[in-house]
There are 2 protein chains.
Amino acid sequence: MDGNTDNKEKEIKALLKGKKIRPSIIRVKVLKYLLDNRNHPTADRLFSALENDIPTLSRTSIYNTLKTFLDEGVVSEITIEDGNSRYDAFTGKHGHFICEKCGGVSDFDVKCATCAPESLNGYKINQEHVYLRGLCPNCIKSGGDGNEKNFRKKRCKKSS
Amino acid sequence: MDGNTDNKEKEIKALLKGKKIRPSIIRVKVLKYLLDNRNHPTADRLFSALENDIPTLSRTSIYNTLKTFLDEGVVSEITIEDGNSRYDAFTGKHGHFICEKCGGVSDFDVKCATCAPESLNGYKINQEHVYLRGLCPNCIKSGGDGNEKNFRKKRCKKSS
DNA sequence: TCCAATTTTGTAATAATTACAATTTTGTAA
DNA sequence: TTACAAAATTGTAATTATTACAAAATTGGA
């Protein structure tokens, strides 16, 4: 544990306290993972990533933590793929791309400040999500013609 | 069955044939429902809507039909809410708004032609989805202050 | 009519998420 | 420190949307 790590943990704790969330070990580690690894993990991936570090960890705790974070706006939920919610702790405006072949999700900068038109002015908008689906450069190279019709989400079997 | 209905069915059959999909009764009725009711139904809602009309209908057939339609681009899947895919047969560009209180989904016209930036030019984009979350005018009127923190998707218990 | 291909159906399996009660941990006041 | 209430964590069981699969029914063409 070097000084940098120490500093980062302090920042994370401060961030949580600012949102009136008690910075328990699990919460700090989940948020740290999300900030260190911008890979939009599912709940299960978070569990797998942290279970070595926190031997008594349960999946329910991951779900509880994420629910707390969602309620307080610490993270946002990415539903680009049905049946596999992913989580993102980065608050700057950005969109999400999913490759229909490899399933990888990446960020991109959206061109427009907002897509919401004036016609929605009776509404209160809390969140805006832009999702793109397609093929990433790697998968294009490795043979996809870009017209695969049979891509469907595959439920990700739990890894452990 | 008036002449209009007849005409519409003929159009739907032609549309399916154009996509090399045999226009079975179930397929025609599912697509007709989606075109007549722009309410972004879930698979289960489609089943409920059609089971009286097609007494032997099974949920699997709804899923099969939707998969066929998705593969051929007849419908698109809306994943604005995790765990409840919705389906849309309208192909014109539009976004989807979900009310965090009543769960209703509605269309809106997106302001921008595309949100994808030039930085994605090594990618092949097949679909673009814009999702907004918030409160609809009705729910604002009926008391929401617009800051409800505890909205979470509720799995929709099957209706029958 | 007959047959092969396609569609439909019912049942069982899968897997993400939630409900809930029991246990553990934490913060604080005495 | 000790005691206690509140909060957090855990494990198990339940829920539910979706998929897998094989059997049955239907369809279209020879």
Side-chain angles (χ1 to χ4, degrees), chain A residues 13 16-17 19-31 40-48 50-51 53-72 77-87 103 150-160, chain B residues 13 16-17 19-31 40-48 50-51 53-72 77-87 103 150-160:
Chain A
K13 284 178 186 172
L16 289 174
K17 279 177 190 161
K19 300 264 188 174
K20 313 283 186 206
I21 299 170
R22 284 219 303 221
S24 70
I25 291 179
I26 294 179
R27 290 171 180 165
V28 170
K29 286 196 186 287
V30 166
L31 185 49
H40 320 91
T42 60
D44 193 63
R45 199 179 205 290
L46 275 165
F47 175 78
S48 301
L50 299 180
E51 63 176 335
D53 210 4
I54 311 172
T56 60
L57 187 63
S58 73
R59 280 194 176 75
T60 303
S61 294
I62 296 289
Y63 283 109
N64 287 343
T65 298
L66 290 170
K67 175 161 169 32
T68 301
F69 286 0
L70 286 170
D71 288 347
E72 301 304 324
E77 188 180 19
I78 302 168
T79 61
I80 198 169
E81 202 184 16
D82 183 62
N84 268 100
S85 283
R86 293 159 187 271
Y87 300 89
N150 289 309
F151 171 79
R152 313 270 14 250
K153 64 178 172 285
K154 293 181 196 65
R155 295 239 170 159
C156 304
K157 195 179 300 184
K158 282 175 186 169
S159 46
S160 65
Chain B
K13 284 178 187 173
L16 289 175
K17 279 177 191 160
K19 300 262 187 176
K20 313 281 186 208
I21 299 171
R22 283 220 301 225
S24 69
I25 291 179
I26 294 178
R27 289 170 180 165
V28 171
K29 285 197 189 285
V30 166
L31 184 49
H40 320 91
T42 61
D44 193 64
R45 200 180 204 289
L46 275 165
F47 175 78
S48 301
L50 298 180
E51 63 176 333
D53 210 3
I54 311 172
T56 59
L57 187 63
S58 73
R59 278 194 178 76
T60 302
S61 294
I62 297 289
Y63 283 109
N64 288 343
T65 299
L66 290 170
K67 176 162 170 31
T68 301
F69 286 180
L70 285 170
D71 287 348
E72 301 304 323
E77 187 181 20
I78 303 168
T79 60
I80 196 168
E81 203 184 14
D82 182 62
N84 268 99
S85 281
R86 295 158 186 271
Y87 300 89
N150 289 309
F151 170 79
R152 312 273 11 254
K153 63 179 173 285
K154 293 179 197 67
R155 296 238 169 156
C156 303
K157 194 180 301 186
K158 283 175 186 167
S159 47
S160 66

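Every chain is numbered from 1, with letters handed out A, B, ... down the list of sequences.
Across all their heavy atoms, B:Pro41 and B:Leu46 have their closest contact at CG-CG, 3.9 Å. Of all the heavy atoms in A:Phe47 and A:Leu57, the pair that sits closest is CE1-O, 3.4 Å.
Here A:Lys13 pairs with nothing under the side-chain hydrogen bond (donor to acceptor under 3.5 Å, both in side chains) rule; sequence neighbours left out. For B:Ser24, there are no side-chain hydrogen bond (donor to acceptor under 3.5 Å, both in side chains) partners two or more places apart in sequence or in a different chain. For B:Thr68, there are no side-chain hydrogen bond (donor to acceptor under 3.5 Å, both in side chains) partners two or more places apart in sequence or in a different chain. For A:Arg27, there are no side-chain hydrogen bond (donor to acceptor under 3.5 Å, both in side chains) partners, not counting sequence neighbours.
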(request) Check step by step if side chain to side chain contact (heavy atoms under 4.5 Å, CB included) holds for B:Tyr87 and B:Glu77. (result) CA-CA 5 Å; B:Tyr87 300 89; B:Glu77 187 181 20; 3.9 Å; yes
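At the phosphate of D:dT18, OP1 or OP2 sits under 4.0 Å from a side-chain N or O atom of B:Tyr63.
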Can you pull every protein N or O that's under 3.5 Å from an N or O on nucleotides 8-13 of chain C?
| unit_1 | atom_1 | unit_2 | atom_2 | d |
| --- | --- | --- | --- | --- |
| C:dT8 | OP1 | B:Ser24 | OG | 2.6 |
| C:dT9 | OP1 | B:Thr56 | O | 2.7 |
| C:dT9 | OP1 | B:Thr56 | OG1 | 2.7 |
| C:dT9 | OP1 | B:Leu57 | N | 3.3 |
| C:dT9 | OP2 | B:Ser58 | N | 3.4 |
| C:dT9 | OP2 | B:Ser61 | OG | 2.6 |
| C:dT9 | O5' | B:Thr56 | O | 3.1 |
| C:dG10 | O6 | B:Thr60 | OG1 | 3.2 |
| C:dT11 | O4 | B:Thr60 | OG1 | 3.3 |

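Rounded to an integer number of Å, the gap from CD of B:Glu77 to C1' of D:dT18 is 11 Å. Computed from coordinates, the B:Lys67 NZ to D:dA20 C1' distance equals 12 Å when rounded to whole Å. Summarising the geometry, the separation between CG on B:Leu16 and C1' on C:dT7 is reported as 14 Å, rounded to the nearest angstrom. Here D:dT19 presents its P atom at 14 Å from CG of B:Asp44, a figure rounded to the nearest Å. Per the geometry, CD belonging to A:Glu51 stands 17 Å off P belonging to D:dT9, to the nearest Å. Rounding to whole angstrom units, CZ of residue A:Phe47 and P of C:dT17 are separated by 14 Å. The interatomic distance linking B:Arg86 (CZ) with D:dT18 (P) rounds to 11 Å, in whole Å. Counting to the nearest Å, the P atom of D:dG28 and the NZ atom of B:Lys17 are 9 Å from each other.
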(request) For DNA chain C, produce a single dot-bracket line, 5' to 3'. Pairs: Watson-Crick or G-U wobble, both distances under 3.5 Å. Symbols: ( ) within strand, [ ] crossing, | other strand, . unpaired. (result) ||||||||||||||||||||||||||||||
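Residue A:Leu31 holds its CG atom at 12.5 Å from NZ of A:Lys29, rounded to the nearest 0.5 Å.
Comparing B:Ala43 and B:Arg22 along DNA chain D, the residue whose closest nucleotide (by nearest heavy atom) sits nearer the 5' end is B:Ala43.
No more than 12 heavy atoms of other residues, nucleotides or ligands lie within 6.0 Å of CD1 in A:Ile25, so this atom counts as exposed by the packing criterion.
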